Participant: 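Once you've had a glance at the structure underneath, I'll fire off some questions.
We number each residue from 1, following the sequence as shown. In this text, all values refer to a predicted model and were calculated from it rather than measured experimentally.
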Amino acid sequence: MAVILGIDPGLAATGYGVIRVDGSRLRHVAHGAVITEPEQDRGGRLLAIRDALTEVLARYRPDQAGVESLFFSRNVRSALPVAEARGVILMCLADAGIAFAEHTPLRVKQAVLGHGNADKQQIGAMVRVLFRLGADDPLPHHAADALAVAVCHAHSAPLEERAKTR
């Protein structure tokens with residue numbers, strides 16, 4: 001049995017999702033989003049992400065983590081704050097001694113929906129179905145994305161382990 005933390009990085013909102021994997025069975029443990037205030041300076045926002053993630057790591061003690069990789073097409077300026085948040089996240093995971101892998105948005109969508117042409121609503125709906133979350137359970141899209149990353153990691157980790165042993 002393993003506990004996996006999925007993370008959807010962002011400066012404004014960093015989503016997290018915690019699942020328990022027992023064989024092929026996936027169970028929801030927790031999810032949420034770290035929201036930072038836009039009027040706060042960037043350093044303070046990064047510290048807030050660090051503090052909240054450190055608390056999540058201490059509370060749920062994941063065995064491994066999956067982090068959505070950075071994706072941007074044209075706007076490099078908007079990617080920089082996300083990259084900074086990812087740096088803080090990766091530092092927290094390394095500091096806690098938690099092995100992690102990065103997963104592309106396309107790979108995450110394929111793992112959860114079977115194809116890469118999904119929008120936020122479709123991901124959220126499928127995550128609700130997978131983990132039997134009710135319509136009244138709050139599920140911010142950043143948290144839904146993080147749970148999807150955790151699912152992707154759960155499905156990918158055994159394949160990556162087998163590939164290492166060959």
Participant: Begin with the C-alpha distance, continue with both residues' side-chain angles, and end with the deciding distance and a verdict on side chain to side chain contact (heavy atoms under 4.5 Å, CB included) for His28 and Leu147.
Facilitator: CA-CA 8 Å; His28 174 269; Leu147 284 167; 4.0 Å; yes
Participant: Hey, quick one: are Leu93 and Leu46 part of the same hydrophobic cluster, counting side-chain heavy atoms closer than 4.5 Å, chains of contacts allowed?
Facilitator: yes
Participant: Give the minimum heavy-atom separation between Thr14 and Gly10, together with the two atoms involved.
Facilitator: OG1-O, 2.6 Å
Participant: Check the pair Ile123, Val108 against side chain to side chain contact (heavy atoms under 4.5 Å, CB included), reporting the backbone distance first and the verdict last.
Facilitator: CA-CA 9 Å; Ile123 292 170; Val108 170; 5.8 Å; no
Participant: To the nearest 0.5 angstrom, please state how far the CZ atom of Phe131 sits from the CE atom of Met126.
Facilitator: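 Reported value, rounded in 0.5 Å steps: 11.5 Å.
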Participant: Any Lys/Arg nitrogen of Asp22 or Arg27 sitting under 4.0 Å from an Asp/Glu carboxylate oxygen of the other?
Facilitator: no
Participant: Which of these, Val67, Leu53, Val149, sits in a side-chain contact (heavy atoms from CB on, under 4.5 Å) with Leu5?
Facilitator: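 Of Val67, Leu53, Val149, side-chain contact (heavy atoms from CB on, under 4.5 Å) with Leu5 is met by Leu53 alone.
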Participant: When you measure from the side chain of Asp51 to the backbone N and O of Ala48, does any donor-acceptor pair fall under 3.5 Å?
Facilitator: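 Side chain of Asp51 to backbone of Ala48: no pair is present.
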Participant: Which atoms form the tightest heavy-atom contact between Ala85 and Ile49, and what is the distance?
Facilitator: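 Heavy atoms only, the tightest pair is CB-CD1, 4.0 Å.
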Participant: Using side chain to side chain contact (heavy atoms under 4.5 Å, CB included), reason through Arg20 and Met1 one step at a time and then give a plain yes or no.
Facilitator: CA-CA 7 Å; Arg20 187 177 312 275; Met1 186 162 23; 3.0 Å; yes
Participant: Could you walk me through whether Val3 and Ile19 pass side chain to side chain contact (heavy atoms under 4.5 Å, CB included), step by step?
Facilitator: CA-CA 6 Å; Val3 176; Ile19 65 172; over 6 Å; no
Participant: Minimum heavy-atom separation for Pro138 to His31, with atom names?
Facilitator: O-NE2, 2.8 Å
Participant: Closer than 3.5 angstrom, by distance alone: can the side chain of Arg42 be matched with the main-chain N or O of Pro81 as a donor-acceptor pair?
Facilitator: no
Participant: Checking side-chain polar atoms at under 3.5 Å, does Gln64 have a donor or acceptor matched by the opposite partner on His153?
Facilitator: yes
Participant: If you compare all heavy atoms of Ala33 against all heavy atoms of Tyr16, which two are closest, and at what distance to 0.1 Å?
Facilitator: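 It is N-CE2, 3.8 Å.
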Participant: Looking only at heavy atoms, which two atoms of Pro105 and Glu68 are closest? And how far apart?
Facilitator: CA-OE2, 3.8 Å
Participant: Quick check: does any side chain N or O of Arg50 sit under 3.5 Å from a backbone N or O of Met91, one acting as donor and the other as acceptor?
Facilitator: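 The answer is no, because no donor-acceptor pair under 3.5 Å joins these two groups.
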Participant: What's the shortest heavy-atom distance between His142 and Ala13, and which atoms?
Facilitator: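 Closest approach of His142 to Ala13, heavy atoms only: CD2-CB, 3.3 Å.
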Participant: Within a radius of less than 6.0 Å around CD of Gln40, do more than 12 heavy atoms belonging to other residues, nucleotides or ligands occur?
Facilitator: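 Above 12, so yes.
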Participant: About how many Å separate CD of Gln122 and CG of Asp119, when rounded to the nearest 0.5 Å?
Facilitator: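 Going from CG on Asp119 over to CD on Gln122, the span is 4.0 Å.
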